[in-house]
Structures are given as structure tokens and as C-alpha cells.
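What follows is one structure encoded as C-alpha cells, with my remarks underneath.
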There are 2 protein chains.
Amino acid sequence: MRYSELLLPTLKETPTEAEVISHRLLLRAGFIRKLSSGIYTYLPLGLAAIRKVEQIVREEMNRAGAQELLMPMVQPADLWKESGRWEKYGPELLRFTDRHDRESCLGPTHEEVITDLVRKEIHSYRDLPVNLYQIQTKFRDEIRPRFGLMRGREFIMKDGYSFDASEKGAEITYQKMYDAYQRIFKRCGLSFRAVEADTGTIGGSFSHEFMVLADTGEDTLVICKNCSYAANMEKAAVQQPEKPREDVELLPMRKVETPGKKKVDVVCDFLGITPDKLVKTMIYLADGEPVAVLVRGDHEVQPVKLKNMLGAVDVELADDKKIYDITGVPSGYLGPVGLEIPVAADQEVAVMVNFTIGANEKNFHLQNANLPRDFKVIQVADLRQVTAEDRCPSCGGLLELTKGIEVGHIFKLGDSYSKALNASYQDSNSEEQNFVMGCYGIGVSRTVAAAIEQNHDEHGIIFPLPLAPMQVIILNLDPNNEEISTAAESFYSRLQEKGLEVLLDDRDERPGIKFKDADLIGIPYRITLGKRFLQQGEVEIRTRVDGKTQSLSPDAAMAEVVSAIQDGMAATRAEE
Amino acid sequence: MRYSELLLPTLKETPTEAEVISHRLLLRAGFIRKLSSGIYTYLPLGLAAIRKVEQIVREEMNRAGAQELLMPMVQPADLWKESGRWEKYGPELLRFTDRHDRESCLGPTHEEVITDLVRKEIHSYRDLPVNLYQIQTKFRDEIRPRFGLMRGREFIMKDGYSFDASEKGAEITYQKMYDAYQRIFKRCGLSFRAVEADTGTIGGSFSHEFMVLADTGEDTLVICKNCSYAANMEKAAVQQPEKPREDVELLPMRKVETPGKKKVDVVCDFLGITPDKLVKTMIYLADGEPVAVLVRGDHEVQPVKLKNMLGAVDVELADDKKIYDITGVPSGYLGPVGLEIPVAADQEVAVMVNFTIGANEKNFHLQNANLPRDFKVIQVADLRQVTAEDRCPSCGGLLELTKGIEVGHIFKLGDSYSKALNASYQDSNSEEQNFVMGCYGIGVSRTVAAAIEQNHDEHGIIFPLPLAPMQVIILNLDPNNEEISTAAESFYSRLQEKGLEVLLDDRDERPGIKFKDADLIGIPYRITLGKRFLQQGEVEIRTRVDGKTQSLSPDAAMAEVVSAIQDGMAATRAEE
């Protein structure tokens, strides 16, 4: 491609609308443009990067025995009513009626459609397993789309669905997809980690998320430094606490005045105790119903764990006004004693003795509270977030907390959808059995954004070679000089003949602009032809990732770039 | 691919819902399945055929200097209001509001979005021309979707848009696209014709349609047997008629009784005249307003010509009740004399003398009517359909009428959109000028259907080699026989090593079923391994298009199939 003919509108200024680095760089590099909230046009080089991800995904899905098809984006409401999700799915499901007043929606995901297809077309265990996927534009009407391609409303996704005859078969298929995902993100040239994940509203019995590691990630990963344990913070289990010593004397509960002391630290300071001797009472609304959750003063509630314990669709923290409406107590003095709503306790609260709680009265706390002597709870469970001080729930090793961006998610769904949609096959005894399903997503456009979050510097994007929209950029620093231009054109055609993807910057612009743009758009290899070529017959080659430069003769430069790119691509393709 | 692992649910029965051959065969071959009215899932081999079209389109668009990008499917209403099409576009534009009550629509086409992008990103004549395209799923809420992929609601389209600095530049770009389209459909292996076309509601100054020739086509093409003239029936011009001889005497008009005689033939028989001496009065509603149109008794009104003459968005023929409501005259006796609505006349009526018309009174006609002596018309124009008896408007040669399916459409749009959206660039004098635009569509999924309409027999599809989802099918007639299976597997891997796309029918099914399915799905080359292989060491190769079979040794068969496919692909790629 010739830069002079390419729609690549780079920006000098950082767009004010962009909050995260990938969004800023995608806009500045001229890769995307916003059409409306959360909805972007992919310009030529942005699309080229997306296509790189698509092609890797396609090849590895096919290699793993999955078949590509393409389902519609507009889906009839009937199927969603059959699965029960027409009611359950929130306003992210964009619903509308067509000209004949038929209720429809824009597909955010395709469990219903694929299950409908398979129940109609596959009837015998002999035709199982089957694993189907598509790469498609999806729509989710996010309430607050942001971060460019990280959380848009319209985005490109690979979604795959498997149908097996048995739990065991489904687990084999799940493992195949797990392995395929490992290969996919390795081939993308990304540093990533698969973690155990919550199964969320999509349901299912177990799941893994594939996380691109990046300091700017929204998700926190809990990784054991000793064993292979890794989990999303939402899912990461806390070790079972040790039982309290039996010989600790339970002291009588007493009310103490704590005037104006509301926050944990302040109360503890005032009472001369450490936060692990205090229990916080948090009020949540679970599908609208209030519930109190007790955690130790130095711990935080993990809402997803709470949601799963309650079997709720949605939980949210109550605000101060809501807390007062529900309990009649101002926030900061809440406690479980005498509270008239259900109370759940984190497992670590259940092993505490003689702890401090709010007195349900302004300016007062209770000390030496004890369970179950002073109050009762409906359930005790692991309800808190893991901290860096916790130990691995699997091996007891030290934990590391790190940030990541979710780019893939695989679920073992079981038979929830096949039961709801009455999707079954005949087993070898001619008996009808529900399919055992799995589903497997990859955020294709999001992977490009995550790659940028992970790989950039102050000058711009540093594309991993397999995702780069172009592999080499040739800078012709003086398009008006015939000698330089002839040599640049020769590089351009010779590199293309070698099968490389080449961008020739043939614009009539100052060298400084060309250097800046080349850094900004993040092409892995740069070949520069300027004064040194005229004077010494040498060209400069520079690697974007480490800024290393070499001055070489044209032939040596050709050979160097070609072999570097071929080796680089081969390295990501190699099987482990 | 192995048939045993492929989702390819062929059907023995012809689905009752399918009215046209491509729809029937796409369903029977297991290439598509309906999700809801006009909305289909593309199963693996159906998608593979679509991808073949996409890839040819992509390569030829890139070769012609166009750049691929991808615009959103969900579009904001604002842009459509700016262009004026929010009002003008009918209910085919699916409109909805999102969760924040913002009006949006599903993109049936992208003139607004691309013009908005270009007006923001391109500011100078130095950056022109620019030609941008995308391959995308589109949605049009057709009132009566039918014919499978021929007229669906959701479909895959390539839409391209060009921006030039001048009319002349736009014409050069238009010609490049015309040439690219010629290459595209040639490379698809289709018999097709480019015809002059009406520019329709999309606007613009001239346009061509690319028609796949097929007896089942909905469109009629008017093709000159002598020169290069070819036009869609809607557009095809009628030669200017000769003026009447000056010495013909205008006879006095007289009223005659024609009891119960209403139809042209019946009236003419009764009066002893030929239909070319009678003038029919047709009532149309142009955007709801009545207008009478006069054509000779042996001619038919061409509504698109009428619409264009009137500058109307929509014209429709009035039914008998409407005619009576408007004129007070029963259908069959209408005439222009004394009619109180506007009357337009086809150019051939204007050169008639002493003709017969309805008397606007039941059971009566008027003879020897003459223009302008007896009545007046608002306009005279070419308003009728061409017939096979007409002569070429360009050279006077003989015409041929044939049927076709529109698969591509190119328009020179001019500045209608750039003016409406205030999209301009600075010319070399630093003056703002509106872009001169063109737009270029290809129905990608429709092309697959059109290919089938053109290429099939009573046994199934006969794919042109470049569009075939697989190039060769190997029939293993006895998967339980080790010798046959080993040889079949060897063919399968050797052909794939040669870069061919191979389907191996390894199913445990009867030979009859395998032969039938192979014919149905239309794979160009078939290699059969059965009894003859065991007995004589020979395999059969068969060409789907002509049914020719040869028995050859395995090595000879390999060589034959490989060279046939390589030659066949090369032939469609060759430049003219």
C-alpha cells in the first residue's frame, strides 16, 4: 500500500474523548473513527489488524475441528422467550419490532439460534459431537459504552457452540477449545493467561477467561506463584479459615459510644483495635431485595460471590439513603444485632470471636459480639475478595494480583439451553437425550485494543508482528529525489514479491512527520531511505519494539528484514 | 473436509416454502436454513460459497485501487435526517430507539455514514480521489421477502463509495469500477451482461446494472443484436417515432356504442380496427395523486419512466374502485376527453391521428380523436416499455429481450449527497467544492443464488468452479473396505497438498445416496472409489457440468483433476 493513497488520518493531538491508551492510540493512528456512542468505523489499517486476529482464530478453530457458519444478526423474540432470556436479559438486548410488528432483537450472542438450528438438523448420537462457530458483528446496548474498542456497543466477536452426547464428551470438547485458545493468543503474539472464571448470567458449570496481561486492565487476576492456579478476582476462592481456638473466652457484649466515628479505620483507632477485630455490615439489593453481608473490617465483599450464593440475577450495593430507608440506621453504625433483613456472613466472620460491630444506633458500636450467641445469619460462605495477603486455595502458595483484559471466555454450559429449548438427539438406545453444550467467545475487535494496551510506548503502538496491519514500512524521506524514490520503489516491490505486507510512505511530507507517524501506527519494521543512502549507499532498518537500528546495504537490509519477519511469524506459529 | 464431520443436512424432499430453484437447491443442499422471514443462517458450505464471491470481490476492488474498511450496521438517525432520507426512505429502513431513546436504524446502505466520514477526514483536493468499500451484512425490511437469498431481509453486500474532485474524475473512477465489475463476474465464472439502468431512489446521473443471465430472472434486459446497447427494461429507451404524414386528413370525432366491450382486443375486434389505432387511458397514483397516462393499445406503460418524468418517489396503478372514485367512469371506457386530472401521453400517442379512445361513459368509445384538437396533455414523453418489435435506440438494430438477475449496480451519484451533507474539500484555489460521488454495490449472497439459477439441472447445483465451496469430492463407496478407504484417504491428503479444496465422503451410507448428494451440492469434480478400484485398480473421475466420466489409474486421475482445476481457475483469472 502507498501511504499517499491510503485513508490513514493520523492525529497530532490526543482526542479528549478517549480515556484509555488503546482508544487514544486507535484514534490518533487513524485506525478507527466514532460514528455514535460505542459505535466505530474501522478504517483500512484498523480493519487490517482485526482481520489478522480473525484469520488466526479461524485457522485454529478449524484445526480444532470446529466448522464456520454465519447466523443472522436479527433474531426473532420467540426463541428468546423459549429460553427465558427475553425476560432475564436486561436492556443490553436491543429489542425492536419490524414493519409487521414482529418482536425481534439484535443478537448479542447466539445460544438460542444455534440451539434451534441443531435441534432441527441433528437427530442422532452418530452425528455428535458438532462444534460450530461464526465471526460476526454483535450488538450490546451498553448503558455507558467507553474505552473505544474495549467496551463498545457494536463489536466483532467469534462465538462458537459445541454439542456433545455426554458430559464427558463435552469436557473433551471444552479441553480442545481451551487448547485452541492457548494457540490463538500465542499466535497473536500476546502475553496472556487463562484463569478460572465466574460463569455469570450465561449459566453453565465451569469456565475460563483468557486475559491479556496489561496494567490498564479492568479485571484483576489472582495467580499463584507456586502452582498453576489462576482465577479472575470474581471467582478466586479464599482458603477455608482455621477454626478459632476453643479456649478463647467469649466476653459479654457491651455498647460503647463512638461519636461521629463511622469509617473502619476511624472506629478502630478510637477503640484501639485492629480492623481484623471489627465486622462491617454491608447492605446489598439482590434483585431489589435487601440483604446484609458481614465481612471483616480489612476485607471487601465480592459481589459476584454474593450473587452466586443467593442465585440472584443482579446485586448492587445500597446507597446511604437506601440503607436508611431499609434499616432506619445511618450508614456507619450498622450491625447485625436486631437487623430485620436477612444477614449473610463471610466465612472468616464465622471464626471471629469478641468482635466489634455497629450498634444500629447513631454514634454507638457494640464490642465483644459473638456468633451465634448475639445474632443469627442465614448463610456462611466465601463472600469476600481475595487479597495479596491471601494464600493459594489450591496449594497454599503465595499469590500475585495482576491486571488483565478479558479477550476470550469459554463455558461448559451443560444442558441449560438444550433443556429450555427442548433440543435433543437419540442415543444408541433410541432414547431422547438433551445435548450437552459448551460456548466459546473471543472479542476480536477487543483483542486488537488489548494488544495495544499491552504493547505501546509514549510514541505510539508497538504491534506484535502477527497482528500488525502491515509488517514493514518504507520511509522515502525525499520523494522528489529520483535516486531515493527509485530505490524505495524497488524495496516496495521486492518485499511484496517475498510475500510481505508493505506500506510505502511516499507522501510529500517532512521527515519528522514520517518518523512520528511510523512510530504512532506501530509497524514492526521500518526501512528508511534518506541522505545516508545518497552519501553511503546505505539504508537504515529499525525495529519498533526495541528501537534498534542498523545501517546496511540495500541487499543486506532486504535479507535482514525478510528473515526477521519470516522467523518472527514462524515463532508464533510453532507448536509448544 | 470430511463429510462425516460436516454439518451438511441435505434434504430428499423439495421444501414447499421455496418458490424458485436457487432457494429450493440451497435448502436441499444443506447450504442455508431459514431463521425467520427473509433471514437465513448460512451453513458451512453455503458460507464457503459466499466467501468465494467475497474474496474475488475483495481482490478486484483492491486491484482497482479501492480500500476496504468496515462501517457500523447501527446508524444514528441524525445523518439520515441530514440527507433527507429519514423521511423519504420507506419502511424498508428498519428504525428503532436504543435504551437512551436515541433514534437509530439498521443500515440498508451507507451513503450517509461514508459521506460523514469523508467530510471529516478529507479536506484537500490533494487527497482525492478516494474509493472506499466494505463487505457487510445489510438489513432491509422487505414487505414480502421471498426467493431465499434472492430477496431476503438480511443479506451480505459489498458497497463501495468514491469521492472525486471533478465530474471528469468521477467518470474515470466510474469506468474503473465498471471494469472491475466486469472482471469480478467473469472471475465468478458467470454468464452476465452490464446494462444501462435507472438510477432509482438512490439518485445520481447514470448507472449500470450487472445482470446474471437466467431464464428465471425477475428483470428483463433489452439487448441490441447489432451494437453494444444493453439496458434494463425499466430504462431501455424507445426510438423517437416518425412524425405523421402531413397530408392525413383529421376526421371529425364521433361517439360509438361499444356495449360491454372493455378490453383492447375486444374493442378493436368489435370496431374492426387494429390495436395500434386505439389509445389506452391508464390511471396511476403518483405519490398518491392521480394522473392519466395514454399509450397505444398494443403498448404497456413503463412505471419507472412515468415516475422519473413526474419526479415522483412512488407510482402505482390504480385499481378499478380507485379509478371509479377518481373519474366516475367504470374501467374499460376511460378516455382523455373531459378528464379532470392531469393527462400525460407516450410519445407515440402524440404522432397518432384519428385514433379511438374511451368516451368516459359506460358502453361508449370515441373514434377519430386527435391531439391537440380534442384534448390536451401536460407532457409528452417516452413512457412505454420496449418490445421485441422495437429497434435499438442507439443504432436501429434488432433487439433481443432476455431475463436476468441483478447482482451488481454502479451509480454516478454526482453531488446530491455531498451537497445535502455539506461535504466539501478545498480545491487548488483554496475554494470549497462539494465532492463528486459514485456508489457501487454487489449482492454477495445474491450472487451465489444467481449462480445457481444459471447453473443447475434436475439433479442439483452445478457450481462454476470459482464459486464452488469445494473443488473436488471424493466418494469412498465402501468405508468398511480397508483398501478403498486407504486409497480414498491418500487422494484426500494428496489433493489437499496440491492446494485443492477437497470434500471426502467417508459416510457409512449407500452409494446411491452418495452419488445423489454429490450431484445435489454441485461440486465440480468427483472422484469415485468403488468396486472397479478393487477389481481393476481404476478410479472414476466425473465432471459435474457435463457428466463426462473417465476411468483412470489413481496417478492419472490425480494429475487429470489437478490440472483441470488449475486450468479452470486460471481461465477465469486471465485478463481479457
Side-chain angles (χ1 to χ4, degrees), chain A residues 1 4-7 9 30 33 35-37 39-44 46-48 50-51 65 67-76 78-79 91-92 94-100 102 104 106 113-114 116-118 120-122 126-127 130 132 134 136-137 139 141-143 153-154 156 508, chain B residues 1 4-7 9 30 33 35-37 39-44 46-48 50-51 65 67-76 78-79 91-92 94-100 102 104 106 113-114 116-118 120-122 126-127 130 132 134 136-137 139 141-143 153-154 156 508:
Chain A
M1 270 182 194
S4 62
E5 295 171 357
L6 182 64
L7 183 61
R33 285 296 180 263
L35 175 62
S36 62
S37 174
I39 299 181
Y40 293 85
T41 293
Y42 308 114
L43 299 189
L47 182 61
I50 287 172
R51 294 273 191 250
Q67 301 173 49
E68 188 176 4
L69 46 55
L70 185 60
M71 291 177 272
M73 61 183 189
V74 171
Q75 305 184 3
D78 294 352
L79 284 178
E92 286 182 19
L94 195 138
R95 299 150 214 246
F96 56 85
T97 52
D98 68 13
R99 68 190 292 171
H100 297 298
R102 285 175 296 220
S104 307
L106 277 187
V113 175
I114 196 82
D116 177 56
L117 177 75
V118 168
K120 286 174 179 160
E121 304 301 340
I122 294 188
R126 278 187 295 262
D127 299 325
V130 63
L132 303 161
Q134 61 179 350
Q136 190 190 39
T137 296
F139 196 89
D141 203 359
E142 292 274 352
I143 188 161
R153 296 200 292 161
E154 194 172 318
I156 299 175
D508 193 8
Chain B
M1 270 182 196
S4 61
E5 295 170 358
L6 182 64
L7 183 61
R33 284 296 181 263
L35 175 62
S36 61
S37 175
I39 299 181
Y40 293 87
T41 293
Y42 308 115
L43 299 189
L47 181 62
I50 286 171
R51 294 274 191 249
Q67 300 173 49
E68 187 174 5
L69 46 58
L70 185 60
M71 290 178 272
M73 61 182 190
V74 171
Q75 306 183 4
D78 295 351
L79 284 177
E92 285 182 20
L94 196 139
R95 298 150 214 244
F96 56 84
T97 53
D98 68 14
R99 67 190 292 170
H100 297 298
R102 286 176 296 221
S104 308
L106 277 187
V113 175
I114 196 85
D116 176 56
L117 177 75
V118 168
K120 287 175 178 159
E121 304 301 338
I122 295 188
R126 278 188 295 262
D127 298 325
V130 62
L132 303 161
Q134 61 178 350
Q136 191 189 40
T137 296
F139 197 88
D141 204 0
E142 293 274 352
I143 189 161
R153 296 200 292 161
E154 193 171 318
I156 299 174
D508 193 8

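- Counting only heavy atoms from C-beta outward, the side chains of B:Leu35 and A:Met71 never approach each other to under 4.5 Å.
- Your options are B:Ile122, B:Thr41, B:Leu69, and the one with the most heavy-atom pairs under 4.5 Å with chain A is B:Thr41.
- Of the two parts of B:Leu47, only the side chain, counted from C-beta on, holds a non-hydrogen atom closer than 4.5 Å to a non-hydrogen atom of chain A.
- Most heavy-atom pairs under 4.5 Å with chain A, from the set B:Met1, B:Met73, B:Lys120: that is B:Met73.
- For a residue to count as touching a neighbouring chain, one of its non-hydrogen atoms must lie under 4.5 Å from one of that chain's; by this rule B:Leu6 touches chain A with backbone and side chain alike.
- No side-chain heavy atom of A:Val74 sits less than 4.5 Å from a side-chain heavy atom of B:Leu94.
- Proximity to chain A (any heavy atom under 4.5 Å) is restricted, for B:Asp116, to the side chain, taken from C-beta onward.
- Remark: A:Arg126 does not engage B:Asp508 in a salt bridge, criterion side-chain N to carboxylate O under 4.0 Å.
- Of the two parts of B:Leu117, only the side chain, counted from C-beta on, holds a non-hydrogen atom closer than 4.5 Å to a non-hydrogen atom of chain A.
- In this structure, A:Arg99 and B:Asp141 approach most closely via the heavy-atom pair NH1-O, 2.7 Å.
- For the atom pair B:Ser104 OG and A:Phe96 CZ, the distance stands at 11.5 Å (nearest 0.5 Å).
- Heavy atoms closer than 4.5 Å to chain B are found in the backbone of A:Glu142, but not in its side chain.
- Interface remark: B:Gln134 contributes no atoms to any contact with chain A (heavy atom separation under 4.5 Å).
- With hydrogens and angles disregarded, no donor-acceptor distance shorter than 3.5 Å links the side chain of B:Glu121 to the backbone of A:Gly30.
- Proximity to chain B is absent for every atom of A:Asp78, based on heavy atoms less than 4.5 angstrom apart.
- The contact between A:Arg33 and chain B is made entirely by side chain atoms (from C-beta outward), counting heavy-atom distances below 4.5 Å.
- Interface remark: of the candidates A:Ile156, A:Ile114, A:Leu106, A:Leu106 forms the most heavy-atom pairs closer than 4.5 Å to chain B.
- Only the side chain of B:Glu154 comes within less than 4.5 Å of a heavy atom of chain A; its backbone N, CA, C and O stay farther away.
- For chain B, the nearby part of A:Leu79 is the side chain; its heavy atoms alone come within less than 4.5 Å.
- In terms of heavy-atom pairs under 4.5 Å with chain B, the best-connected choice from A:Gln75, A:Arg95, A:Arg51, A:Gln136 is A:Arg51.
- Per-residue counts of heavy-atom pairs under 4.5 Å with chain A were compared for B:Ile143, B:Asp127, B:Val130, B:Leu43; the largest is that of B:Ile143.
- Using a 4.5 Å heavy-atom cutoff, the side chains of B:Ser37 and A:His100 are not in contact.
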Between A:Val118 and B:Leu7, is the side-chain contact (heavy atoms from CB on, under 4.5 Å) condition met? List the steps. CA-CA 9 Å; A:Val118 168; B:Leu7 183 61; 5.6 Å; no
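- No side-chain heavy atom of B:Leu70 sits under 4.5 Å from any side-chain heavy atom of A:Ile50.
- Interface check for chain B: of the options A:Pro76, A:Gly65, A:Ser36, the most heavy-atom pairs under 4.5 Å are formed by A:Pro76.
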